[in-house]
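Below: the structure, in structure tokens.
Because the structure is a prediction, the values reported are computed rather than measured. Order of the sequence lines fixes the chain letters, A, B, ..., with proteins taken first and strands second; residue numbering starts at 1 for each chain.
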There are 2 protein chains.
Amino acid sequence: MSGIRILLVDDHPVVRAGLRAMLGDFEGITVAAESGDGAAALAQLARFRALGEPVDVVLMDLQMGAGMDGVTATQKIKAGEAGTPAPPVLILTTYDSDADILAAVEAGASGYMLKDAPPEHIRQAVLSAAAGRTALAPEVAARLMGRIRNPEPALSAREIQLLQLLATGLTNRAIARQLFISEATVKTHLVHIYGKLGVDNRTAAISAATQRRIIRPV
Amino acid sequence: MSGIRILLVDDHPVVRAGLRAMLGDFEGITVAAESGDGAAALAQLARFRALGEPVDVVLMDLQMGAGMDGVTATQKIKAGEAGTPAPPVLILTTYDSDADILAAVEAGASGYMLKDAPPEHIRQAVLSAAAGRTALAPEVAARLMGRIRNPEPALSAREIQLLQLLATGLTNRAIARQLFISEATVKTHLVHIYGKLGVDNRTAAISAATQRRIIRPV
DNA sequence: CCGGAGATCAACCTTTCGGTTGATACTCGG
DNA sequence: CCGAGTATCAACCGAAAGGTTGATCTCCGG
């Protein structure tokens with residue numbers, strides 16, 4: 001009778017209000033509750049389960065200020081309670097970086113929409129998720145297809161380690177000392193990194209790696 | 001009778017819906033219209049002026065996907081039409097980096113709020129702006145105060161602008177072209193920046209500036 | 001009205017970085 | 001067992017960046 005029951009998870013009150021208003025206009029969709037972070041969302045889900053009124057879809061942002069991030073929350077939701085089926089998680093976020101999308105999909109999200117999507121798309125995505133289907137924003141789907149067709153070379157652990165030091169502003173010599181290798185080796189690694197990231201200097205490498213969430217912003 | 005009339009400018013339909021719902025709950029505040037980008041906002045303002053029903057406050061995001069960015073839009077709004085007073089512009093955005101704040105203030109914004117602010121704060125800010133006063137989010141105000149109290153070598157607006165470009169991985173030559181200045185000037189600025197940040201190369205400068213929230217992580 | 005700070009540019013020099021080539025060694029999977 | 005990928009190092013060269021000195025112009029505040 002109440003249609004699809006949704007749990008909203010976003011750290012911005014403004015966004016929550018927007019989704020509530022937007023989804024409330026649609027027939028068959030009800031916003032059951034909302035949370036400001038991942039931990040609160042898990043608590044809400046448990047509460048609804050205990051009441052025998054589980055939510056049908058979790059609509060969640062990936063970037064959440066403090067506390068548990070969206071990927072972790074998604075993992076925990078999908079892990080769920082033994083015996084009770086976990087609700088589908090639909091990611092509604094701002095960025096469409098490869099790392100974000102992959103992390104969300106790996107964590108078990110049923111869909112990935114961007115916040116600038118028109119309301120109708122969001123509605124469709126919610127319906128898909130509730131029906132157990134997958135929903136990807138066209139932009140996101142295109143990126144995934146591109147990745148499969150044209151797989152980006154993966155960075156090795158050592159290269160990532162180097163990148164992380166690079167981002168702190170160390171010179172090649174300093175990195176070499178830090179890692180107990182020669183400066184020549186550092187340079188070789190850097191050339192490989194530049195090639196894989198498609199850049200030609202260290203600052204651009206840091207920028208690219210940060211954008212793709214290969215390294216965490218320093 | 002209609003109270004304070006607002007023009008919402010944000011590229012995300014979700015955020016616009018949220019602000020509309022949120023502000024609609026408040027007495028004395030009316031959302032007159034909304035736009036998805038700076039150009040549309042200017043057109044809207046002109047239209048309302050022509051109708052003899054100017055808006056009282058423009059509530060705008062700084063980051064807007066395509067087209068004119070928020071700072072440029074703010075400048076153009078404040079430039080306005082000869083003879084007609086420009087409405088106050090209240091910035092409501094996601095980041096609180098020095099670069100964004102300075103740019104907004106220089107462009108003539110009357111306030112700077114963060115999107116994760118509670119509705120009541122946003123309401124207060126709108127009222128302040130409409131009354132011709134300035135409104136800063138507590139976090140933003142604190143940062144500005146800190147800048148003043150802590151005579152940490154203050155970077156000039158130009159230097160911050162340079163840093164922001166630096167962080168995207170541009171070379172000195174590219175930065176020079178971007179800013180329409182010579183490479184020599186870029187180098188001079190960089191030397192000053194390094195001195196103020198206590199570093200001696202560009203990657204370290206980016207790291208230091210990001211940590212101190214002088215620039216926003218790219 | 002003068003000093004200081006910021007923005008602009010130039011010339012010069014040193015150091016670092018980027019790019020290439022080539023080599024050795026280890027590991028892992030087919 | 002052998003090739004692919006990774007990690008290591010060396011030598012070399014040109015390009016970019018770092019550092020210094022010095023100069024002009026503008027704007028702002030005392």
- [ ] Kindly indicate whether the side chain of B:V55, heavy atoms from C-beta on, has any atom under 4.5 Å from the side chain of B:I6.
- [x] no
- [ ] Please tell me which of the listed nucleotides, D:dA10, C:dA7, C:dC12, lies nearest to the side chain of B:S156?
- [x] C:dA7
TODO: Using atom CG of A:L197 as one end and atom C1' of C:dG18 as the other, report the distance to the nearest whole Å.
DONE: 15 Å
Task: Per A:D200 side chain, nearest of listed nucleotides C:dG19, D:dT8, C:dT8 - done: C:dG19
Open item on the list: Among C:dA7, D:dT8, C:dT8, which nucleotide has an atom closest to any side-chain atom of B:T188?
Closed with: C:dT8
Open item on the list: Whether the side chain of B:D61 engages the backbone of B:G70 through a donor-acceptor N/O pair (distance < 3.5 Å, no angle test) should be reported.
Closed with: no
TODO: First locate atom CD of B:Q63, then atom CG of B:D100, and finally report the distance between them rounded to the nearest 0.5 Å.
DONE: 5.5 Å
TODO: Starting from C1' on D:dC9, measure out to NE2 on A:H189 and report it in whole angstrom.
DONE: 10 Å
Task: Nearest non-hydrogen partners of A:G38 and A:V9, listed with the distance - done: N-CG1, 4.4 Å
Open item on the list: What is the separation between atom CG on A:L155 and atom P on D:dA7, rounded to the nearest whole Å?
Closed with: 10 Å
- [ ] Answer yes or no: does atom CZ of A:R173 have more than 12 heavy-atom neighbours from other residues, nucleotides or ligands under 6.0 Å?
- [x] no
Open item on the list: Please confirm whether the shortest side-chain N or O distance from B:T185 to OP1 or OP2 of C:dA7 is below 4.0 Å.
Closed with: no
Task: Any A:R202 side-chain nitrogen or oxygen under 4.0 Å from OP1 or OP2 of C:dT16 - done: no
Please tabulate the protein-to-nucleotide N/O contacts below 3.5 Å involving nucleotides 25-30 of chain C, giving atom names and distances.
none

- [ ] State which of D:dC9, C:dG19, D:dG19 makes the closest approach to the side chain of B:K187.
- [x] D:dG19
Task: C:dG6 OP1/OP2 closer than 4.0 Å to side-chain N/O of B:H192 - done: no
Task: Distance, nearest 0.5 Å, that separates CD1 of A:I91 from OG1 of A:T74 - done: 4.0 Å
- [ ] Report yes if a side-chain nitrogen or oxygen of A:Y194 is closer than 4.0 Å to either non-bridging phosphate oxygen (OP1 or OP2) of C:dG18; otherwise report no.
- [x] yes
Open item on the list: From CD of B:E159 over to P of C:dT8, roughly how many Å is that when rounded to an integer?
Closed with: 10 Å
TODO: Determine whether the side chains of A:T188 and A:T185 contain a donor N or O and an acceptor N or O closer than 3.5 Å.
DONE: no
Task: Atom-pair distance (CG on B:N201; P on D:dA16), nearest Å - done: 18 Å
Open item on the list: Let me confirm one number: the CG-CG distance from A:D37 to A:D11, rounded to the nearest 0.5 Å.
Closed with: 8.5 Å
TODO: Grab the CD1-P distance between A:I206 and C:dG18 for me, whole Å please.
DONE: 10 Å
TODO: Please check if atom NZ in A:K78 has more than 12 non-hydrogen atoms from other residues, nucleotides or ligands closer than 6.0 Å.
DONE: yes
TODO: Give, ordered by number, those residues of residues 169-183 of chain A having at least one heavy-atom distance below 4.0 Å to an atom of DNA chain D; if nothing qualifies, reply none.
DONE: A:I181, A:S182
Task: Distance, nearest 0.5 Å, that separates CD of A:Q178 from CD of A:Q164 - done: 11.5 Å
- [ ] Would you mind reading off the distance between B:L162 atom CG and C:dG6 atom P, rounded to a whole angstrom?
- [x] 15 Å
